[in-house]
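Count residues from 1 along the sequence. Counting starts at 1 for both ligands and their atoms, following the listed order.
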Amino acid sequence: MTQETGGFAAFNLNPNILAAVIATGYEEPSAIQQQSIPIIMAGHDMIGQAQTGTGKTAAFALPILHRIDPAKREPQALILAPTRELALQVATAFETYAKQMPGVTVVAVYGGAPMGPQLKAIRNGAQIVVATPGRLCDHLRRDEKVLSTVNHLVLDEADEMLKLGFMDDLEVIFKALPPTRQTVLFSATLPQSIRAIAERHLRDPQHVKIQTKTQTVTAIEQAHLLVHADQKTSAVLSLLEVEDFDALIMFVRTKQATLDLASALEAKGYKAAALNGDIAQNQRERVIESLKDGRLDIVVATDVAARGLDVPRITHVFNVDMPYDPESYVHRIGRTGRAGREGRALLLVTPRERRMLQVIERVTGQKVAEVRLPDAQAVLDARIKKLTNSLSPLVADAESTHGELLDRLTADIGCTPRALAAALLRKATNAQALTLAAIEKERPLVPNNAPRGDRPERTGDRPDRGDRERRAPVPLAEGRARCRTALGARDGIAAKNLLGAILNEGGLAREAIGRIQVRDSFSLVELPEDGLERLLTKLKDTRVAGKQLKLRRYRED
Ligand code: ADP
Ligand code: MG
């Protein structure tokens with residue numbers, strides 16, 4: 001269907017737009033594009049419902065560009081998006097599709113950047129304004145006429161905008177636009193609140209609904225792993241060993257969890273970063289850029305921070321914490337398998353979340369197969385494969401560059417080439433475990449002992465709450481702070497190991513260390529409040545029983 005009559009050509013879009021679309025490499029319109037473009041081109045109001053990753057941006061951007069008048073240097077189309085990232089993404093898409101339309105300019109309007117240049121760009125005649133509702137309202141308060149020439153409005157990810165609390169701002173914006181405008185609303189879901197908006201602010205809208213749930217997920221191989229909440233980090237680390245990923249996004253529920261998991265990954269040598277709502281906007285953009293260009297391979301994000309994130313390199317999604325509802329599950333895993341590529345999604349399920357897994361399976365109409373943690377053999381095979389892959393390209397010419405040095409070193413040291421090669425391997429692999437026995441020893445988790453309900457369930461997701469509720473809190477001595485490590489009795493830790501490590505590496509006197517409590521899955525240590533941050537930094541890389549101590553201040557909240 002890529003002949004002149006088929007594909008995008010059939011829409012009769014302005015030839016400059018068609019040329020730009022062809023230049024992007026799109027061959028066929030997606031289902032939502034196929035249905036929406038003619039409706040919007042004809043000037044109708046429209047409600048479009050389709051999941052993430054279905055190509056909604058082009059579905060409205062192409063017909064809107066077709067309808068504007070490039071000769072008129074005033075705002076003609078307004079696109080509202082829930083976040084700065086999405087606004088920038090949409091603005092970039094418009095720029096791409098308008099590349100061959102001389103005189104068409106696009107301005108992105110969002111918070112966290114100075115207002116002056118944004119207003120100037122609007123006044124200088126940008127025809128397309130892509131904005132977040134909050135910042136746009138700030139502009140309206142300064143100049144209520146700024147949108148008076150807009151005759152096309154698009155609400156992108158309308159459900160998200162409402163979730164983020166933009167309802168009042170939207171009302172202000174509706175009032176500032178000419179009532180004769182065309183209004184188009186896109187949303188993944190259509191809750192009552194959205195229908196109410198449509199009823200009040202759209203005129204005789206046509207409905208387009210694309211049932212993509214199964215389509216969205218078919219390109220994605222899904223699996224789940226049963227795990228206890230306090231074993232998630234080590235489960236993630238084991239899975240990463242054997243998953244063949246390019247870029248990966250991990251979802252967790254809290255900002256703190258993004259930071260904790262990202263630093264655990266960094267400690268293992270992964271190029272990882274956290275993405276959450278507390279991170280400054282420009283830093284967030286840098287993280288996304290880095291993930292795009294390969295400076296980062298893993299991003300640990302909360303749902304809101306990752307909303308709409310579109311990075312084609314992403315091959316894997318790890319749902320480390322369960323999403324709140326099946327729809328956000330579909331949203332999350334839609335970060336991979338973009339534009340028809342294949343992706344893989346893994347979901348960690350704690351015993352008490354098994355019900356949610358069933359709901360997800362029912363809603364997506366698909367079985368989410370169970371996988372087990374890789375065993376030591378699988379980890380070993382994966383490590384050796386990586387090593388082989390990294391070394392084999394070097395073999396071809398290493399002898400010509402380093403052969404003589406090898407002869408000299410074996411002679412100087414008085415060893416065989418095999419002995420020297422082995423020594424170099426040890427050095428190159430940073431003493432990584434590369435035998436079955438060594439791997440078994442370093443692994444905190446035994447595979448195939450995933451919880452099956454035969455262990456008593458804990459009272460909550462937080463691993464230590466059960467312990468805490470059973471024991472009355474011990475009052476802290478004056479000037480002491482309580483710190484926590486995720487190492488406990490099950491890791492083969494005893495109080496004397498902790499004491500020894502802290503004394504040796506921390507350079508403290510014995511009296512400076514208070515009570516040490518070792519529990520099954522964690523331990524608490526009382527340390528001097530004075531100089532605590534410095535001490536924790538000092539202990540950053542300390543290992544006990546072969547595992548990272550990672551001592552943190554413990555907050556009892
Ligand atoms: P949505 O807004 O529905 O989540 P996007 O508009 O962000 O989806 O599009 C998702 C991805 O698919 C983007 O990378 C986009 O460039 C790509 N895409 C959109 N339409 C097509 C098409 N017709 N052919 C190929 N790729 C497309
Ligand atoms: Mg979108």
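The distance criterion of under 3.5 Å between nitrogen or oxygen atoms is not met by P29 with respect to ligand 1.
Between F8 and ligand 1 there is a heavy-atom distance shorter than 4.0 Å.
Of the candidates H331, E157, K56, Q34, K56 brings a heavy atom nearest to atom 2 (O) of ligand 1.
Only one option out of T57, T24, V106 pairs with T96 in a side-chain contact (heavy atoms from CB on, under 4.5 Å); it is T24. A side-chain contact (heavy atoms from CB on, under 4.5 Å) with L346 is found for one member of N319, V317, V371 and no other, namely V371.
Ring centroids of F186 and F60 are separated by less than 6.0 Å, placing the two rings close together.
Heavy-atom contacts of T57 reach the following atoms of ligand 1: 2 (O), 5 (P), 6 (O), 7 (O) (cutoff under 4.0 Å). Residue contact check: E28 has heavy atoms under 4.0 Å from atoms 22 (C), 23 (N), 24 (N) of ligand 1. Numbered from 1 in the order shown, with element, the atoms of ligand 1 that lie under 4.0 Å from a heavy atom of S30 read 23 (N).
The list of ring-ring contact (aromatic ring centres under 6.0 Å, His included) pairs with a residue in residues 119-176, not counting sequence neighbours, reads F174-H201.
At least one donor-acceptor pair under 3.5 Å links the side chain of K386 to the backbone N or O of E241.
At a heavy-atom distance under 4.0 Å, no atom of Q89 approaches ligand 1.
Residues meeting the salt bridge (Lys or Arg N to Asp or Glu O under 4.0 Å) test with R142, sequence neighbours left out: none.
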